[in-house]
Participant: 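Here you go, one structure.
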There are 2 protein chains.
Amino acid sequence: MSTTRRIGTETSQTRTALLDATERLMLEEGYAAVTSRRVAARAGLKPQLVHYYFRTMDDLFLAAYRRRAEQGLERLDQALEAPQPLWAMWDLSRDPRRTALTMEFVALANHRKPIRAEIAASAERYRAAVRAGVDTVLERYGVDRRRYPAIVCTVMMMGVAQILVIEEESLGMATGHGETVAFVEQRLTEIEGSRQAAADALASA
Amino acid sequence: MSTTRRIGTETSQTRTALLDATERLMLEEGYAAVTSRRVAARAGLKPQLVHYYFRTMDDLFLAAYRRRAEQGLERLDQALEAPQPLWAMWDLSRDPRRTALTMEFVALANHRKPIRAEIAASAERYRAAVRAGVDTVLERYGVDRRRYPAIVCTVMMMGVAQILVIEEESLGMATGHGETVAFVEQRLTEIEGSRQAAADALASA
DNA sequence: GTCTATACTTCGATAGAC
DNA sequence: GTCTATCGAAGTATAGAC
């Protein structure tokens with residue numbers, strides 16, 4: 001109950017190094033591999049520093065998540081402003097690193113209640129933003145949104161993209177993926193025209 | 001290196017109790033919560049019994065997985081023989097307990113290489129079986145399988161069903177789910193007629 | 001065939017030194 | 001403001017008693 005315990009600065013390089021290490025560990029070995037000792041080892045630091053900068057492991061996870069969630073919304077805005085927003089969103093949803101990390105956080109949220117609340121809220125915000133963007137785009141293209149509601153397009157497009165990534169990354173399974181991608185991209189082509197290349201911004205992880 | 005170490009019988013009630021406890025733990029708290037101590041506690045047994053019946057934790061996971069995988073193939077066969085196979089498969093894929101458990105195993109496979117191989121092989125087998133079944137059904141209904149290949153229908157239908165369950169179970173998020181389910185079920189109705197009720201076999205978990 | 005006593009490792013977290 | 005020494009709890013796994 002010693003209320004005087006202190007905590008490190010948000011701008012510390014050490015802190016950033018710990019967040020980076022956390023992310024790498026989650027991607028390579030899953031959230032369960034994120035222990036104070038292993039995070040520290042990855043960053044070349046002492047385990048106790050994790051507790052100095054983040055106090056509890058949940059705080060560490062939340063800090064790592066917030067960093068990515070913020071970046072995710074930025075990328076989404078970029079995609080929605082691209083010349084071909086649907087293609088850009090499709091490509092964004094298929095980014096393996098991004099999706100793998102997201103799914104790792106979802107799995108984490110599944111059994112850590114304090115984290116769940118924040119991730120769920122963030123996911124709702126993201127979905128609402130996508131839906132709004134897709135709705136505008138579909139209207140511009142003259143798509144019948146009674147028959148193809150923006151929210152349905154959003155959930156299905158992002159859902160399929162995510163499942164493909166999960167299967168590929170987690171199981172190394174890709175049976176039927178090529179055909180499914182081709183199918184979705186035919187629909188995209190019908191609506192938005194064929195892909196115009198120039199998807200640069202995605203390369204930078 | 002003592003090669004003489006013994007192991008419990010496959011028919012032991014204790015063994016079954018441990019497998020049941022493992023499954024419950026995975027569902028309620030995720031695979032990371034499956035430790036020899038906690039599994040044993042759930043089953044009202046001593047932790048060392050886990051190692052007697054399964055030797056390593058990976059063996060425990062694999063045994064738990066095999067039990068469900070077998071059952072999954074049986075359920076699939078039943079669905080494919082139902083009067084409305086597509087509806088039956090859709091319902092099967094949307095079973096929350098089943099899907100949640102599957103995703104937990106996938107997450108586990110993602111960072112335990114020895115387990116990954118077996119789960120991936122099993123997933124491939126399952127997908128092939130679904131694809132074959134769907135192909136037969138689509139042919140019977142006279143669907144143009146050049147335009148709507150069975151493998152694409154399979155991946156999309158099951159993928160969407162899974163993503164919805166994940167979002168609901170892991171995050172408690174359901175935004176857009178109702179609309180998406182309605183959309184898919186409209187397509188099902190177009191192909192297979194409206195749902196004829198009588199999906200009994202699904203109630204038993 | 002079934003279970004327990006026990007060894008050894010790794011975990012999260014705090015109090016306190018620099 | 002930054003980091004380390006250290007504790008108590010929990011983890012996997014084995015050898016051996018019943």
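Side chains are part of it too, since the values below use all heavy atoms of this structure and drop only hydrogens, waters and symmetry mates. Lettering follows sequence order; numbering is per chain, from 1. As the structure is a computational prediction, the values presented were derived from the model and not from experiment.
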Participant: Measure from the side-chain heavy atoms of B/Arg55 and tell me the nearest of D/dT14, C/dT14, C/dT2.
Facilitator: D/dT14
Participant: Check if the side chain of B/Gln48 and the base of C/dA5 share a donor-acceptor pair of N or O atoms closer than 3.5 Å.
Facilitator: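 A donor-acceptor contact between them is present.
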Participant: Run the side-chain contact (heavy atoms from CB on, under 4.5 Å) check on B/Val152 and B/Tyr148 step by step: do they pass?
Facilitator: CA-CA 7 Å; B/Val152 172; B/Tyr148 301 104; over 6 Å; no
Participant: Write down the distance between CG (A/Leu45) and P (D/dG1), rounded to a whole number of angstrom.
Facilitator: 19 Å
Participant: Which is true for A/Tyr53 with a 4.0 Å heavy-atom rule: it touches a base, it touches only sugar-phosphate, or it touches nothing?
Facilitator: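 Counting heavy atoms under 4.0 Å across all strands, the contact made by A/Tyr53 is with sugar-phosphate only.
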Participant: To the nearest Å, how far apart are A/Leu18 CG and D/dT2 P?
Facilitator: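 Interatomic distance, CG of A/Leu18 to P of D/dT2: 12 Å.
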Participant: Can you see if the side chain of A/Lys46 gets near the phosphate of D/dC3 - specifically, an N or O under 4.0 Å from OP1 or OP2?
Facilitator: no
Participant: State which of C/dT2, C/dT10, D/dA13 makes the closest approach to the side chain of A/Arg37.
Facilitator: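 So the nucleotide nearest the side chain must be C/dT10.
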Participant: Between D/dA5 atom P and A/Leu49 atom CG, what is the distance in whole Å?
Facilitator: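 Between P of D/dA5 and CG of A/Leu49: 11 Å.
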Participant: Identify whether any heavy atom of A/Arg38 sits under 4.0 Å from a base atom; if not, whether one sits that close to sugar-phosphate; answer base, sugar-phosphate or nothing.
Facilitator: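 Sugar-phosphate contact only.
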Participant: Check the phosphate of D/dC3 against A/Tyr52, side-chain N and O only, distance under 4.0 Å to OP1 or OP2. Yes or no?
Facilitator: no
Participant: Any luck finding a side-chain donor-acceptor pair between B/Glu118 and B/Tyr65 under 3.5 Å?
Facilitator: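 Not at all, the side chains of B/Glu118 and B/Tyr65 share no donor-acceptor pair under 3.5 Å.
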Participant: Give the ring-plane orientation class for B/Phe105 versus B/Phe61, where under 30° counts as parallel, over 60° as perpendicular and anything between as tilted.
Facilitator: perpendicular
Participant: So, does A/Thr9 get its side chain near the phosphate of D/dT2, meaning an N or O under 4.0 Å from OP1 or OP2?
Facilitator: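 Affirmative; the distance criterion is met.
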Participant: How many whole angstroms separate atom NE2 of A/His51 from atom C1' of C/dC11?
Facilitator: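 So the two atoms are 8 Å apart, to the nearest Å.
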Participant: Given D/dC3, is OP1 or OP2 found less than 4.0 Å from the side-chain N or O atoms of A/Thr14?
Facilitator: yes
Participant: Could you tell me if the ring centre of B/Tyr31 sits under 6.0 Å from that of A/Tyr31?
Facilitator: yes
Participant: With the side chain of A/Thr35 defined as its heavy atoms from C-beta on, choose the nearest nucleotide among D/dT4, C/dA13, C/dC11.
Facilitator: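 Between D/dT4, C/dA13, C/dC11, the one nearest the side chain of A/Thr35 would be C/dC11.
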